[in-house]
Amino acid sequence: MNLKELVFRQIEYDSPEYHQAVKLRSKVLREPLNMRFTETQLRAEKSYLHIAGFRKGKIVCCLYLIKEAERARLKQFAVEPELQKKGIGSEMLRFLESYCRKQGFSSIYMHAREKAVPFYEKFGYECYDQKFLEIGLPHRKLRKVLAQHE
Ligand SMILES: CC(C)(COP(=O)(O)OP(=O)(O)OC[C@H]1O[C@@H](n2cnc3c(N)ncnc32)[C@H](O)[C@@H]1OP(=O)(O)O)[C@@H](O)C(=O)NCCC(=O)NCCS
């Protein structure tokens, strides 16, 4: 996996790239739980910031951000299953933090699946509050303050 092939950028809601991203999020985050996104959930995504990573023109990872004042809430981070644990998620997170600084966010916050917590901790995200259940899975709240000089 040549990580230099990856290109990251914001994608438009309801664009062809957005629909590819929804498919990937559904495959990685919902189908294994026998769940699917509802029309209402997808309509609500209109006001979010959608980010994707491309390899040879195809989306290999994606997520979206919800603006909550100066804080960006990260949701639905998904990497193509056969390409997980090859460094793509790390590249995405580096891009995301730089993107968030440019957008003027001072911190990133999320509800992360417990299984993914060690991944975020490698990048300095810290758990706070108690463990809780969301879509039937144990989750933790994580946050990171973004240094402005980087
Ligand atoms: C979690 C996820 C986004 C990470 O992306 P990725 O491309 O697989 O991660 P990377 O290859 O960049 O991994 C970076 C490091 O984190 C570790 N890591 C990645 N996923 C991990 C996990 N689930 N548990 C523990 N460590 C993990 C890797 O082993 C690697 O460690 P290393 O640097 O010591 O080798 C991706 O695996 C994924 O989509 N998982 C399924 C969906 C999911 O859980 N999404 C997050 C919801 S909160």
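We count ligands from 1, going down the list as the structure has it; atoms in each ligand are counted the same way.
Distance alone, capped at 3.5 Å, places no donor-acceptor pair between the Glu17 side chain and the Ile11 backbone.
Of the candidates His19, Lys46, His50, Arg43, Asp14 forms a side chain to side chain donor-acceptor pair (under 3.5 Å) with just one, namely His19.
Residue-environment remark: CD (Glu5) exceeds the threshold of 12 foreign heavy atoms within 6.0 Å.
Remark: Phe8 pairs with Phe95 by the ring pair (Phe, Tyr, Trp, His ring centres under 6.0 Å) rule, at least two apart or across chains.
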Side chains of residues 121-133: which donor-acceptor pairs under 3.5 Å do they make with residues two or more places apart or in other chains?
residue, atom, partner, partner atom, Å
Tyr125, OH, Glu97, OE2, 2.7
Asp129, OD2, Lys141, NZ, 3.1
Lys131, NZ, Glu114, OE2, 3.2

Show me the donor-acceptor pairs, under 3.5 Å and distance only, between side chains in residues 72-80 and residues at least two apart or in other chains.
residue, atom, partner, partner atom, Å
Arg73, NH2, His111, ND1, 3.3
Gln76, OE1, Arg25, NH1, 2.5
Glu80, OE2, Lys27, NZ, 2.5

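Closer than 4.0 angstrom to ligand 1 sit non-hydrogen atoms from Val28, Leu29, Phe77, Ala78, Val79, Gln84, Lys85, Lys86, Gly87, Ile88, Gly89, Ser90, Ala112, Arg113, Lys115, Ala116, Pro118, Phe119, Tyr120, Lys122.
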